[in-house]
2 protein chains.
Amino acid sequence: MTEAKTDPRILRTRKLIMDSFIDLSSKKEFKDITIKDITTEAMINRATFYYHFMDIYDLLDKALTEVLLVNLNGKEYENSELNEETLISLFTAITDFQTSLSTRCHRGYEDTIARIIRDQLEVIFFRMLELQHPEEVEEGLKLSATMLSWGLYGASMEWRRSSDSVSPEEFIKTAIPYIQNGIGN
Amino acid sequence: MTEAKTDPRILRTRKLIMDSFIDLSSKKEFKDITIKDITTEAMINRATFYYHFMDIYDLLDKALTEVLLVNLNGKEYENSELNEETLISLFTAITDFQTSLSTRCHRGYEDTIARIIRDQLEVIFFRMLELQHPEEVEEGLKLSATMLSWGLYGASMEWRRSSDSVSPEEFIKTAIPYIQNGIGN
DNA sequence: ACGGAAATGTTGGATATCCAACACATCGGG
DNA sequence: CCCGATGTGTTGGATATCCAACATTTCCGT
């Protein structure tokens with residue numbers, strides 16, 4: 001209900017900046033991308049960049065979040081339950097996202113990426129848990145969501161490390177029983 | 001030397017509008033494209049459209065000119081002579097342009113398109129003639145350029161009409177001797 | 001042929017963006 | 001070491017763009 005539509009110029013400019021950044025990321029390493037590069041490509045003034053973002057790390061953060069959200073929104077977790085299907089879907093969304101990033105060059109920013117993934121996962125988990133256990137206190141659900149997000153992210157790291165070419169689906173399925181027994185009714 | 005750089009916001013907005021229009025043109029007929037459609041796609045306000053263009057016909061005009069210029073600029077006629085090679089190059093540029101337009105739907109606006117092509121050809125011819133005949137009076141060169149532009153455009157119409165699958169190069173080559181004898185020293 | 005809906009243009013005041021200039025940090029070469 | 005060159009952030013005044021509202025025209029269904 002709290003309307004207050006954001007000015008379309010803001011939406012347009014942010015999109016131009018993010019698109020340019022993502023485009024440049026596929027051509028250069030992150031550390032070689034300068035703010036002038038981005039603003040030139042986006043056809044906006046350098047000062048305007050600072051109107052929207054603190055610095056280039058802020059942009060990296062928000063751009064990756066945006067991309068991850070696009071990856072996740074195709075899946076519609078809004079009103080779904082936390083079950084085997086959604087867990088598999090979430091897990092493959094993460095591994096897809098990381099694979100798509102590996103073609104770009106963000107070496108040295110794994111921590112940022114990890115935090116972004118965990119943050120988004122936590123929000124999704126919390127929504128699902130809230131829906132499934134309306135009687136529980138918020139604090140408990142929050143903590144569960146936190147632990148699940150760390151856990152699923154950790155699993156994705158383990159999947160990448162193992163690299164014995166088992167599919168993400170198969171990989172996460174082996175862990176699901178333990179998760180389910182922990183969170184099941 | 002007469003600087004007076006145009007504001008980058010203007011360049012950006014015009015580009016957004018033109019790109020959106022060209023994009024929409026490949027999906028709808030011109031007559032079904034509304035100004036709201038364009039401005040929505042371009043993420044700009046409808047009032048801003050009128051800041052840059054008189055109406056949608058003005059946009060059609062300028063957008064086509066832009067596209068044609070892109071077609072022509074790859075060829076670099078700036079300091080070239082008016083000889084067989086450049087004539088062939090110009091002719092194929094025109095036929096390419098018209099072919100690319102035929103996939104879009106501008107039925108009923110052939111006159112506009114024709115005028116745009118002739119206008120641009122005339123400018124190019126005049127520059128070349130000026131370079132090649134510095135001693136001549138401007139009026140004579142202007143008129144020659146006008147006649148050449150009409151002539152070459154007419155040839156392109158004839159080429160489309162005949163459609164006996166002879167290449168544009170071959171087609172125009174048959175006419176070049178007459179042009180050359182007319183304009184040669 | 002009528003009436004409502006949608007598209008076209010226009011306007012004045014609000015706001016995002018631009019510019020030029022500045023101070024500061026970083027870096028690589030002589 | 002120092003210097004010029006390059007990148008980062010910040011600022012105040014100028015300007016392109018937005019918005020909401022309006023009048024007018026075009027279109028389409030009944």
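Here is how names work: the chains are called A, B, and so on, in the same order as the sequence lines, proteins then strands, and each is numbered from 1.
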Checklist outcome for this item: Looking only at D:dC19, D:dG7, D:dT17, the nucleotide nearest the B:A47 side chain is D:dC19
Checklist entry - What's the closest nucleotide to the B:Y51 side chain, out of C:dT17, D:dT17, D:dC18? => result D:dT17
Next on the checklist: Using whole Å, what does the distance between atom P of nucleotide D:dG9 and atom CZ of A:F49 come to?
Outcome noted: 8 Å
Item to check | Between D:dG9 (C1') and A:Y57 (OH): distance, integer Å | outcome: 14 Å
Checklist entry - Just how far, in rounded Å, is C1' of D:dT8 from CE of A:M54? => result 12 Å
Checklist outcome for this item: A:L90 and A:L72 have their tightest heavy-atom pair at CD2-CD2, 4.0 Å
Checklist entry - To the nearest Å, how far apart are A:L11 CG and C:dT15 P? => result 16 Å
Checklist entry - So does A:T13 get a side-chain nitrogen or oxygen closer than 4.0 Å to the phosphate oxygens (OP1/OP2) of C:dT17? => result yes
Item to check | Smallest separation among heavy atoms of B:M43 and A:L11, with atom names | outcome: CE-C, 4.1 Å
Item to check | Distance in angstrom units between B:K36 NZ and D:dT25 C1', rounded | outcome: 18 Å
Next on the checklist: What is the distance, to the nearest angstrom, from the CD1 atom on A:I35 to the P atom on C:dA25?
Outcome noted: 17 Å
Checklist entry - Are any of A:T34's side-chain N or O atoms less than 4.0 Å away from OP1 or OP2 of D:dT8? => result yes
Checklist entry - DNA chain D: A:I56 or A:R12, which has the more 5' nearest nucleotide? => result A:I56
Checklist entry - Is any N or O donor-acceptor pair between the side chain of A:R9 and the base of D:dT17 shorter than 3.5 Å? => result yes
Item to check | Carboxylate-amine/guanidinium contact B:E158 B:R161, below 4.0 Å | outcome: yes
Item to check | Whole angstrom value for the distance that separates P of D:dT6 from CG of A:D37 | outcome: 13 Å
Next on the checklist: Can you tell me if A:M157 has over 12 outside heavy atoms packed within less than 6.0 Å of its CE?
Outcome noted: yes
Checklist entry - side-chain contact (heavy atoms from CB on, under 4.5 Å) with B:L64: which of B:I116, B:I22, B:L69, B:I117? => result B:I116
Checklist entry - Roughly how many Å is it from CZ in A:R46 to P in D:dT8, rounded to a whole number? => result 8 Å
Checklist entry - For D:dC19, does either OP1 or OP2 sit under 4.0 Å from a side-chain N or O belonging to B:N45? => result yes
Checklist entry - Below 4.0 angstrom from OP1 or OP2 of C:dT17, is there any side-chain N or O of A:H52? => result yes
Next on the checklist: Looking at B:Y50, I'd like to know whether one of its side-chain N or O atoms comes within less than 4.0 Å of OP1 or OP2 on C:dT10.
Outcome noted: no
Checklist entry - Where the side chain of B:I44 is defined as all heavy atoms beyond and including C-beta, which of C:dC18, C:dT10, D:dC18 is the nearest nucleotide? => result D:dC18
